[in-house]
Number of protein chains: 2
Amino acid sequence: MIKVALVDDNVDLREGLQIVLKEHSDEFECIGAFGDAETALKKIPELKPDVVLMDINLPGISGIDCLKQLKPKLPNLDVIMLTVFADDDTVFDSLCAGACGYITKNASPEKILDAIREVRDGGAPMSGRIARMVVTSFKAPGDAAAQLTDREKEVLDQLCKGKSYKMVADALNITHDTVRHHIKNIYKKLEVHSVSEAILKTMKKKII
Amino acid sequence: MIKVALVDDNVDLREGLQIVLKEHSDEFECIGAFGDAETALKKIPELKPDVVLMDINLPGISGIDCLKQLKPKLPNLDVIMLTVFADDDTVFDSLCAGACGYITKNASPEKILDAIREVRDGGAPMSGRIARMVVTSFKAPGDAAAQLTDREKEVLDQLCKGKSYKMVADALNITHDTVRHHIKNIYKKLEVHSVSEAILKTMKKKII
DNA sequence: GTTTCTGTCACATTAATATGTGAAGACCGC
DNA sequence: GCGGTCTTCACATATTAATGTGACAGAAAC
């Protein structure tokens with residue numbers, strides 16, 4: 001039996017989902033439905049549901065902030081964001097806040113039930129386009145590293161581990177001055193003017 | 001009609017999948033099946049399939065490296081990794097290389113066909129546990145920022161934009177010395193000894 | 001076989017960062 | 001009110017990083 005709670009300011013959707021869950025009362029039990037984050041934050045920690053379906057656009061505290069406050073109290077809680085919006089920021093903010101799934105509201109009731117089952121089974125239910133967004137976010141963008149020589153990449157790699165010039169020199173068995181020479185060229189190629197900027201550009205463009 | 005190519009060193013699996021695809025010849029066309037990455041790299045750019053099912057553990061060049069070389073030539077190609085392994089590094093390396101999906105070999109033939117359909121429909125088919133791994137990778141680990149004061153976070157934020165002490169001082173309208181003072185405290189709290197390390201720790205722990 | 005690129009090293013100067021010590025005003029909780 | 005923390009600023013000094021210039025050897029390219 002999976003204990004489910006709902007957080008959505010739309011009464012119709014809340015009631016609709018509750019009916020759907022009751023139709024599958026052998027599997028699911030809806031132990032709470034709330035119209036705003038404030039109420040949810042008060043009640044959910046006591047109710048200890050297994051899964052929460054959370055809307056994002058709520059009056060007052062947003063679903064994402066609600067999730068952020070909920071997660072430390074109930075680390076084992078699986079939260080599925082259920083919302084109409086699916087822009088980059090909203091999705092990634094939700095995942096960073098600890099959401100385990102993200103489905104858009106145009107999903108069928110059966111899909112939503114599947115998502116609840118899936119998330120309890122250790123999965124991460126996501127609408128197709130959301131999953132693709134998430135996956136492509138890993139892909140390294142255009143290879144800005146192509147211009148760097150092998151040795152320069154080695155030096156940059158060392159810098160990206162937090163090492164100083166001297167430590168890099170020791171690690172690569174070259175002199176401090178040679179390290180400087182490479183770094184100067186790295187700066188020119190990456191168009192930066194400090195170690196910090198070089199590291200940041202490297203992280204952002206996934207050069208190494 | 002979706003044009004599919006297979007890359008796997010297991011003959012049985014190749015032939016099995018080809019049979020399954022033929023059983024759905026109204027939807028799918030298998031236009032190539034290769035036992036190693038070298039052959040695949042030679043043939044696939046000419047064949048221009050829509051989807052490639054790619055094993056990772058291949059003799060010689062790995063499936064991930066094969067994908068890396070394939071992607072620039074065929075940017076619109078959807079590659080699904082189909083493998084027995086599902087450790088962190090393998091999964092994330094695959095996604096960074098440009099894979100659009102990742103399913104384990106214990107998936108049923110019907111699941112594999114679903115995955116091909118899904119990936120062509122703009123989705124990112126993944127086995128449950130893989131999806132969860134991907135999603136949880138976004139979650140910020142234990143809040144190491146809790147110990148930082150608001151002002152310290154502001155300073156660290158500036159540093160993480162590549163600014164120098166002087167620029168931070170200007171941005172926050174405080175003196176260079178005050179910036180230094182904050183940074184010293186940040187170092188102590190994060191247990192680091194340079195801007196680079198502070199930035200790296202911040203990125204890794206998603207402190208800001 | 002000369003040029004080009006890469007990697008190596010050296011010397012010199014200026015700018016920025018790291019570390020230490022001290023102190024004053026603001027704000028909060030007890 | 002008093003002690004604590006946060007924020008602010010100052011002076012001093014040592015280390016590190018940034019920038020400039022010059023040079024040499026090996027490998028690859030022409």
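Only heavy atoms go into these numbers, but all of them, side chains included; no hydrogens, no water, no symmetry mates. The chains referred to below are lettered A, B, ... by the order of the sequence lines, with proteins before strands, and numbering in each begins at 1.
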* Do A:Asp55 and A:Lys105 meet the salt-bridge criterion of a basic N to acidic O distance under 4.0 Å? -> yes

* Taking only Lys NZ, Arg NE, NH1 and NH2, and the carboxylate oxygens of Asp or Glu, determine whether A:Lys71 and A:Asp78 approach each other closer than 4.0 Å. => no

* **Test item: B:Glu197 and B:Tyr187 side chains (from C-beta on) under 4.5 Å apart, heavy atoms** => no

Do any N or O atoms of the protein come closer than 3.5 Å to N or O atoms of nucleotides 8-17 of chain D, and which pairs are they?
residue	atom	partner	partner atom	Å
D:dT8	OP1	B:Arg151	NE	2.9
D:dT8	OP1	B:Arg151	NH2	2.6
D:dT8	OP2	B:Arg151	NE	3.0
D:dT8	OP2	B:His182	NE2	2.8
D:dT8	O4	B:His181	NE2	3.4
D:dC9	OP2	B:Thr175	N	2.7
D:dC9	OP2	B:Thr178	OG1	3.1
D:dC11	N4	B:Asp177	OD1	3.2
D:dC11	N4	B:Arg180	NH2	2.9
D:dA12	N6	B:Arg180	NH2	3.3
D:dT16	OP2	A:Lys166	NZ	3.0
D:dA17	OP1	A:Tyr165	N	3.4
D:dA17	OP2	A:Tyr165	N	3.3

Nearest-Å distance, [atom1] ([X]) to [atom2] ([N])?
X        : N      : atom1 : atom2 : value
A:Glu197 : C:dA16 : CD    : P     : 13 Å
B:Leu159 : C:dA16 : CG    : C1'   : 13 Å
B:Gln158 : C:dT17 : CD    : C1'   : 17 Å
B:Lys184 : C:dA23 : NZ    : P     : 14 Å
A:Lys153 : C:dT6  : NZ    : P     : 12 Å

* Structure fact -> DNA chain C nearest-nucleotide lookup for A:Asp150 and B:Ser196: closer to the 5′ end is A:Asp150

* To do: Would you please confirm or rule out a distance under 4.0 Å between OP1 or OP2 of D:dT7 and any side-chain N or O of B:Thr149?
  => yes

* Can you check whether B:Cys30's main-chain N or O pairs, donor with acceptor, with B:Lys3's side chain at less than 3.5 Å? -> no

* Asked: Taking the side chain from A:Arg129 and the backbone from A:Ala86, do they hold a donor-acceptor pair closer than 3.5 Å?
  -> no

* **Heavy atoms of other groups near A:Lys166 NZ, more than 12 under 6.0 Å** => no

